[in-house]
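These notes are about the structure you will find just below.
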Number of protein chains: 2
Amino acid sequence: MAQQSLTASVKDVAAAAGVSLGTVSNVLNRPDRVAAATREKVERAMAELGFVRNESARSLRAGRTRTLAYVMLDAGNPFFTDVAQGIEHAAEGAELSLFLCNSDARASREATHLGHLEQQRVQGILITPVDPESPVLDAIAHRGTPLVIVDRTRRGAQFCSVAVDDVLGGRLAVEHLVDRGHRRVALVGGPLSIGQVADRFEGARTAWTSAGLPPDDLTLLVADSLTVAAGRSAGERLAGIPSGRRPTAAFCANDLVALGLLQHATTTGLQVPEQLAIVGYDDIEFAAAAAVPLTSVRQPRQELGRAAADLVLDEAGNPQHEHRQVVFTPELVARASTRG
Amino acid sequence: MAQQSLTASVKDVAAAAGVSLGTVSNVLNRPDRVAAATREKVERAMAELGFVRNESARSLRAGRTRTLAYVMLDAGNPFFTDVAQGIEHAAEGAELSLFLCNSDARASREATHLGHLEQQRVQGILITPVDPESPVLDAIAHRGTPLVIVDRTRRGAQFCSVAVDDVLGGRLAVEHLVDRGHRRVALVGGPLSIGQVADRFEGARTAWTSAGLPPDDLTLLVADSLTVAAGRSAGERLAGIPSGRRPTAAFCANDLVALGLLQHATTTGLQVPEQLAIVGYDDIEFAAAAAVPLTSVRQPRQELGRAAADLVLDEAGNPQHEHRQVVFTPELVARASTRG
DNA sequence: TTGTACGCGTTATCAT
DNA sequence: ATGATAACGCGTACAA
């Protein structure tokens with residue numbers, strides 16, 4: 001019952017139990033090698049002293065930690081928390097702790113986190129980077145920490161990565177809109193420097209031209225971030241277009257933007273989907289939960305996380321590991337926001 | 001340029017730089033005590049070897065880590081990610097890393113996380129517990145890790161805690177509805193075993209009876225979780241009430257439930273707020289972003305996190321620390337969902 | 001089956 | 001200004 005302030009060590013336990021230090025260690029790590037009576041005595045001592053293993057000492061000794069880390073791009077976006085869930089499941093299975101960090105899309109914070117994680121000697125780092133081409137990532141891999149890029153890809157093959165085919169996703173979205181008869185469509189999202197956005201819009205354009213539609217009728221509305229606020233502001237610009245030329249449908253680069261656009265439409269009395277159909281991307285829970293449930297392009301978020309974790313664990317544990325680029329296939333989920 | 005697989009130690013650096021181990025340590029920790037020329041030499045060696053400090057060794061030596069942890073109740077609920085942001089800011093200011101965990105409202109996962117965190121010897125644990133009365137929490141505090149309860153309170157004063165006055169919040173919500181002329185109101189949420197829910201509804205009832213309204217006209221619709229799905233299902237039950245007796249307004253225990261209810265209303269053609277006014281709780285970003293922007297009771301989420309972090313740091317560093325129960329005041333934010 | 005001794009990487013103290 | 005050394009807590013060979 002002594003309140004040891006978390007400071008009882010194996011040595012203390014040994015003393016209290018009247019055995020040697022090695023025996024305590026054996027109780028901890030090879031319980032079978034120690035007589036039942038002794039073991040019980042030791043366990044009682046541990047309970048009484050409130051003994052807690054010191055992970056720092058264990059890691060130091062073992063040369064590696066029992067920890068994985070995921071650096072999220074935006075913890076406020078449910079997409080990433082779902083990815084994190086997938087990772088966490090995998091980590092749990094491997095009896096690893098998961099260190100969750102949030103870069104909030106700021107390179108400096110990302111760098112700070114990465115620095116800490118390297119010092120912590122985490123077994124591996126999963127990251128949705130602000131910039132997948134950043135040399136910071138190379139430096140880390142070069143120094144030896146396994147690193148997997150999540151939901152982005154990188155030129156070359158210096159890392160494992162797990163992503164979703166965004167070009168295909170964009171194509172699915174626009175094909176769906178064309179199928180439903182739309183002949184003037186807006187692409188809403190940005191900045192275009194984000195690889196995903198560029199890819200999704202590229203796929204969108206491909207679908208458009210493949211359908212033999214005039215490029216001029218595919219309007220690009222660039223947003224400065226993938227947020228609800230950006231969606232609202234895009235809504236204003238959309239409303240400013242004369243109704244004769246105004247797109248009858250919008251494909252948004254993610255669901256947050258789509259929700260913002262939907263809100264703007266609803267509050268200004270624009271009927272969705274009758275006057276404006278909307279397709280989002282990611283299929284976060286809030287997309288289905290919107291007042292007008294959103295059609296969206298679903299990404300296998302949890303699987304994304306799980307696959308990434310598997311890769312990083314392979315890289316950490318398998319000597320003949322080879323970098324792989326896993327690409328998942330997205331899927332269109334049609335809901336009321338496009339049901340004319 | 002050597003690829004040391006993250007395995008260069010101060011010893012290696014010392015050898016490479018042709019100085020002693022102590023000097024390298026001084027370069028790291030007291031740069032002023034070492035001659036500029038020597039320092040430069042050492043720094044060059046560190047860069048060449050890709051030296052990275054080993055946090056395990058540092059912690060072991062120092063007897064404590066540079067890490068804080070927050071065990072979230074539900075990482076998928078934006079409320080908690082906002083709280084986490086507040087904590088992270090505080091942690092950043094104190095040059096601490098933040099370990100984010102997600103119990104997902106499961107006691108077993110919570111226990112697992114807590115076990116790991118204790119072994120990690122984190123400086124302090126912030127937690128929104130599944131059950132604030134759980135003896136697991138006492139055990140941890142008893143063993144010496146500072147622990148602060150976030151967004152719940154606990155009988156007695158064995159912990160610091162940071163919460164929001166939920167009774168007041170419930171009162172504000174229902175007063176607002178009564179002010180707007182509603183005479184039949186539903187309380188939607190659950191389970192009632194969750195302290196927050198109970199408190200919010202208690203405040204709601206107080207406001208109701210204080211206004212001299214008959215208790216029978218305050219309908220309780222118990223949900224089995226605080227999720228969007230639960231809100232939808234409550235919507236169905238609400239719709240089942242004959243329109244003459246049906247509540248004209250609903251106060252939901254959180255915004256997720258409110259969003260679910262809103263969705264159900266919208267898809268079934270029930271006008272919000274004309275036929276059904278809705279008040280949510282938490283004021284998460286998605287509340288304002290809903291198609292019909294939600295009136296909600298705002299909690300100072302980031303401040304909550306920051307205050308909790310300050311408390312845990314005080315407990316960790318200040319010998320004459322005393323447990324405190326901080327209670328913030330909520331605030332009603334009126335939006336379209338109650339603007340008849 | 002149990003006990004002893006050493007090393008993991010870092011830091012601080014002490015001596016030079 | 002710099003170098004040598006002990007200590008943090010644990011795990012594991014090795015010895016008994």
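Here is how names work: the chains are called A, B, and so on, in the same order as the sequence lines, proteins then strands, and each is numbered from 1. Quick note: numbers below take in every heavy atom, side chains included, and nothing from hydrogens, waters or symmetry partners.
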Requested in this report: Select from A/D32 and B/K11 the residue whose nearest nucleotide in DNA chain C is closer to the 5' end of that strand.
Outcome: A/D32
Query raised in the report: In terms of side-chain heavy atoms of A/A35, which of D/dT2, C/dT1, C/dG9 is nearest?
Result: C/dT1
Query raised in the report: Can you check the A/N26 CG to C/dT1 P distance for me, whole Å?
Result: 11 Å
Query raised in the report: How many Å lie between CG on B/L28 and P on D/dT2, as a whole number?
Result: 15 Å
Requested in this report: Return the nearest nucleotide to the side chain of B/S9; candidates are C/dC8, D/dA4, C/dT10.
Outcome: C/dT10
Query raised in the report: Should A/R324 and A/D310 count as an ion pair when the cut-off is N to O under 4.0 Å?
Result: no
Query raised in the report: What does A/R61 touch in the nucleic acid at a heavy-atom separation under 4.0 angstrom: a base, only the sugar-phosphate, or nothing?
Result: base
Query raised in the report: Rounded to the Å, how far apart are A/E55 CD and D/dG9 C1'?
Result: 12 Å
Query raised in the report: Are A/S25 and D/dC10 close enough that a side-chain N or O sits under 4.0 Å from OP1 or OP2?
Result: no
Query raised in the report: Counting only side-chain N and O atoms of A/R53, is one of them less than 4.0 Å from OP1 or OP2 of D/dG11?
Result: yes
Query - Interatomic distance, B/N54 CG vs C/dC8 C1' [rounded to whole Å] - result: 9 Å
Report task. Go through the side-chain N and O atoms of A/R152 and A/Q196 and say whether any donor and acceptor fall under 3.5 Å apart. Result -> yes
Report task. Ignoring backbone atoms, test whether B/T23 places a side-chain nitrogen or oxygen under 4.0 Å from the OP1 or OP2 oxygen of D/dT2. Result -> no
Report task. Using a 4.0 Å heavy-atom cut-off across all strands, classify B/T38 as base, sugar-phosphate, or nothing. Result -> sugar-phosphate
**Report entry** Rounded distance in Å - CZ (A/R58) to C1' (D/dC10)
**Finding:** 9 Å
**Report entry** Flag if over 12 foreign heavy atoms under 6.0 Å of CD, A/E133
**Finding:** yes
Requested in this report: Name the nucleic acid region contacted by B/R39, choosing base, sugar-phosphate or nothing; use a 4.0 angstrom heavy-atom cut-off, strictly under.
Outcome: nothing
Report summary line: Among the nucleotides D/dG3, C/dT2, D/dC10, whichever has the atom closest to the side chain of A/V34 is C/dT2
Requested in this report: Measure the spacing between NE2 of A/H142 and CG of A/L147 and express it to the nearest 0.5 Å.
Outcome: 14.0 Å
Query - Nearest-Å distance for atom pair CG/P, residues B/L21 and D/dG3 - result: 10 Å
Report summary line: Rounded to whole Å, the CZ-P distance (B/F51 to C/dG9) equals 10 Å
Query raised in the report: Which residue, B/A36 or B/A57, contacts DNA chain D at a nucleotide closer to its 5' end, judged by nearest heavy atom?
Result: B/A36
Query raised in the report: Would you call A/E55 and A/R58 a salt bridge, taking side-chain N to carboxylate O under 4.0 Å as the test?
Result: yes
Query raised in the report: Closest nucleotide of DNA chain D for B/R33 versus for A/G22: which of these residues is on the 5' side?
Result: B/R33
Report summary line: When rounded to whole Å, the CZ to P distance for the pair B/R66 and C/dT11 reads 11 Å
Requested in this report: For B/G63, report the nucleic acid contact type (base, sugar-phosphate, nothing); a contact means any heavy atom under 4.0 Å.
Outcome: nothing
Report task. Would you check if B/D74 and B/F79 make a side-chain contact, meaning some heavy-atom pair closer than 4.5 Å? Result -> no
